[in-house]
Every structure is written in C-alpha cells, then in structure tokens.
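Being a predicted model, the structure only gives us computed values, none of them experimental. All values below were derived from every heavy atom in this structure, side-chain atoms included, with hydrogens, water molecules and symmetry-related copies excluded.
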Amino acid sequence: MKTTDEITITLTESGRLDKLIADGTDISRSFAQKLCADGLVKVNGKVAQKNHKAEAGDVVDIIIPEPEEMSAEAEDIPLDIVYEDDDVIVVNKPKGMVVHPAPGNTSGTLVNALMYHCGGGLSAINGVVRPGIVHRIDKDTSGLLAAAKNNEAHVRLAAQLKERKALRRYVALVNGNIKEDELTINKPIGRNPSDRKKMAVVAGGREAVTHVRVLERFGRYTLVECRLETGRTHQIRVHMASVGHSIVGDKTYGISNEKFNLSGQLLHAEGIGFEHPRTGKLIELHADIPEDFKNVLDILRKSSK
C-alpha cells in the first residue's frame, strides 16, 4: 500500500491502544481503529489491534495511508482566504457553512471547497471525511479556521493545540451583564446524559478552560472576548451558558425569545495564532466580525446613548 506518512509516538500512559492514539495525536478514535484493523499500527515493532493493552513507554508506529477518494466531491465554492502557503491555509468561514461532510450535509461544506481549491493537497491524518481539518468551529459560528496541506504540517499544528501553544480568540455577545471584567471558566465538558446531541458541564468530562474578558457592556447584553485554553466541542457556548450568560442567538444552549431574529449565535473566531509548522515563525491572523454581528452591536450602541 502506498503511504504518505508515518507517525511515531511514545506513550506516556497505559491503556487501550485506539484510545491512546486518539489522545496522543489528532487522529480520531474511529480512524485509529480502522488503521489498526488494516494492520497499519505497530507497538514496539509488532502489529497491534485496537484493543491492545499498551503500556507507558511503548513506542507506537502509525502509518497514514493515502486518502481514499471521498464520496463528497470537490466543489467550486468561494473561500475567504486569510493566509495560504505550501503547508497551511487559513480561511474565514462564514456562518451557516458546515466544516466537513456528515449525514445530512454531504455537499457545500468547507472541506468540499478546500478540496477544489487545494486540488487534493490536504493532509490525510483525519481520514477521508475530514482531510486537512486540524480543528473545527460550529456551523453557525463564523471565523478563522486553519487547515493543513500535508501530514507533517497537520501533526505539528495539532501538537500546538494539544500543548496549548496555539492562540484561538473569539468574540461573542452574551445575554446579561457580566459583573467581572475578567473571569476564567474551568469546568469539564462531556456529552449531555439527557441529550447525546448536546454537550454539557458534567462530572468526569474532559478538562475545559475558557478565559473571558469583557469588551463592552450594554445593560442586558455583554460583548466579550473568549480565549480557548482547550478546544472541546461547543466549549464557549456551554461554558457561557453554565455561568448564566448564554450567547445571543444560540438556540441550543441559550434562550428562545431572541429579539434580533438571527440565523445563528453571535460567536466569531476573530483571532488565530500559531508557529508555522515548517519555519517556526509566529503567524497571527485576524478577521473582522461579520455584518449581522456588527448590525446588532450598532443597534445596542445607539439604544444605549
């Protein structure tokens, strides 16, 4: 089998192999299981299956095969490209665009657009459904998202996220008046036991830390900057709702009586920063908030005068 890359990691803890691979790399657990089933994972030089009981100190070699042809096709969808070179592409994703194909969203996604623009030049680490995708933002969240054009870049960018070296800064409008100028929300997040489609603050969930700074107050609303230390699914939305300040327009975790008639939450990935995976140079990028967000702020500023 022709391959594009090989990853080697040394385990720092013991446990089931597929889980340790998912925890120690940016490879999803389901993709790790497939790699094990295909004989592409070795522990200390021997092919190992997904349920292998690995030990701390074991050396794991993972072969990443060339991506299979996706069922979703490349589509000529315009992209707002903020930065691009041979290793990385950063785009300003519009609200309403899904990041990668999934049941019910097999076309029109950011991946479809990237496949067309990059002509197949995307990393294969996340499998055939999410080529190039190092991190994600929600469908109804706008803003900056970085994708890797090769496996080496993917591994190094993912490591920066895991080691909390990459900057991810969001701007959000939340309900209520936050009294503190700054606060840190440190609450574990996991699947909501009552609704598996939602996330929630739950005991035994994965560590999640969000740093919040107030930018502007409007009485019943507060404009905040949120800096992610970790990157859990729906982290900012769940954390802000957990302290009584849900994001305006968030129909999943917020309040239903939304007066601004929005199509999604007012949450924008405004800033991203990382060390370039090849050169080590610090890259810091910025994207202005979209028009619907600006319009709401204009209304609030006028009404507060």
Side-chain angles (χ1 to χ4, degrees), residues 11-33 50-51 53-54 98-100 102-105 126 129-130 133-141 143 145 158 161-164 166 168-176 178-180 182-213 222 224-258 264-269:
L11 300 179
T12 58
E13 55 184 320
S14 303
R16 182 176 158 125
L17 181 59
D18 58 345
K19 182 179 186 301
L20 294 174
I21 291 173
D23 289 344
T25 70
D26 194 46
I27 297 172
S28 68
R29 188 166 179 177
S30 59
F31 190 43
Q33 292 171 350
K50 62 184 181 182
N51 57 355
K53 301 301 181 183
V98 175
V99 171
H100 60 77
N105 291 289
N126 258 339
V129 177
R130 295 181 288 169
I133 301 302
V134 181
H135 65 112
R136 291 173 288 175
I137 54 179
D138 300 333
K139 173 185 175 182
D140 289 327
T141 297
L145 184 146
L161 290 170
K162 184 176 180 61
E163 296 165 8
R164 306 182 185 185
R168 286 166 294 169
R169 185 176 61 244
Y170 290 70
V171 175
L173 184 69
V174 302
N175 290 291
I178 300 178
K179 296 180 180 180
E180 307 96 326
E182 296 184 3
L183 69 150
T184 293
I185 306 172
N186 186 346
K187 298 181 179 182
I189 290 177
R191 289 287 170 188
N192 187 323
S194 301
D195 185 345
R196 300 297 291 175
K197 294 182 180 180
K198 295 182 181 180
M199 308 301 289
V201 171
V202 293
R206 301 182 71 184
E207 180 190 15
V209 182
T210 306
H211 302 284
V212 182
R213 182 169 67 93
T222 307
V224 298
E225 173 192 275
C226 296
R227 183 171 58 83
L228 290 179
E229 187 171 320
T230 55
R232 309 307 175 205
T233 301
H234 300 175
Q235 178 172 318
I236 294 174
R237 298 165 63 191
V238 171
H239 268 175
M240 295 311 302
S242 76
V243 295
H245 298 288
S246 61
I247 296 175
V248 172
D250 189 342
K251 297 178 181 178
T252 301
Y253 301 104
I255 53 179
S256 59
N257 56 339
E258 177 53 60
Q265 59 267 5
L266 293 184
L267 177 63
H268 177 67

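Note that CD of Glu225 is 12.5 Å distant from OH of Tyr170, once rounded to the nearest 0.5 Å. Rounding to the nearest 0.5 Å gives a distance of 4.0 Å between OG1 of Thr141 and CG of Leu267. The structure places OG1 of Thr252 at 5.0 Å from CZ of Arg237, a figure rounded to the nearest 0.5 Å. In this structure, CG on Leu266 lies 8.5 Å from CD1 on Ile247, to the nearest 0.5 angstrom. For the atom pair His211 NE2 and Arg169 CZ, the distance stands at 14.0 Å (nearest 0.5 Å). In this structure, Leu173 CG and Gln265 CD are separated by 12.0 Å, a value rounded to the nearest 0.5 Å.
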Ile189 and Arg206: CA distance, side-chain angles, deciding distance, side-chain contact (heavy atoms from CB on, under 4.5 Å) verdict = CA-CA 5 Å; Ile189 290 177; Arg206 301 182 71 184; over 6 Å; no
Step by step, work out the side-chain contact (heavy atoms from CB on, under 4.5 Å) result for Glu13 and Leu20.
-> CA-CA 8 Å; Glu13 55 184 320; Leu20 294 174; 3.7 Å; yes
Test log, rule side-chain contact (heavy atoms from CB on, under 4.5 Å), inputs Ile236 and Leu228 = CA-CA 8 Å; Ile236 294 174; Leu228 290 179; 3.6 Å; yes
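Scanning all heavy atoms of the two residues, the minimum distance from Val174 to His245 falls at CB-O, 3.4 Å. Closest non-hydrogen pair, Ser242 versus Ile185, comes out as OG-CG2, 4.3 Å. In plain terms, the two heavy atoms of Tyr253 and His234 that are nearest each other are OH-ND1, 2.7 Å. Contact between Met199 and Thr233 at its shortest, heavy atoms only, is CG-O, 3.5 Å. Arg168 approaches Glu229 most closely through the heavy-atom pair NH2-O, 4.3 Å. Contact detail for Leu11 and Ala54: the closest heavy-atom pair is CD1-CB, 3.4 Å.
The backbone N or O of Ser246 lies less than 3.5 Å from a partner atom in the side chain of Asn175, making a donor-acceptor pair. Checking side-chain atoms of Arg232 against main-chain N and O of Glu207 turns up a donor-acceptor pair under 3.5 Å. A side-chain donor-acceptor contact under 3.5 Å links Lys162 to the backbone of Asp23.
Look at Lys251 and Asp140 and you find no salt bridge, because none of the NZ, NE, NH1 or NH2 atoms lies under 4.0 Å from a carboxylate O.
Counting heavy atoms from C-beta outward, Thr222 and Met240 have side chains that stay 4.5 Å or more apart.
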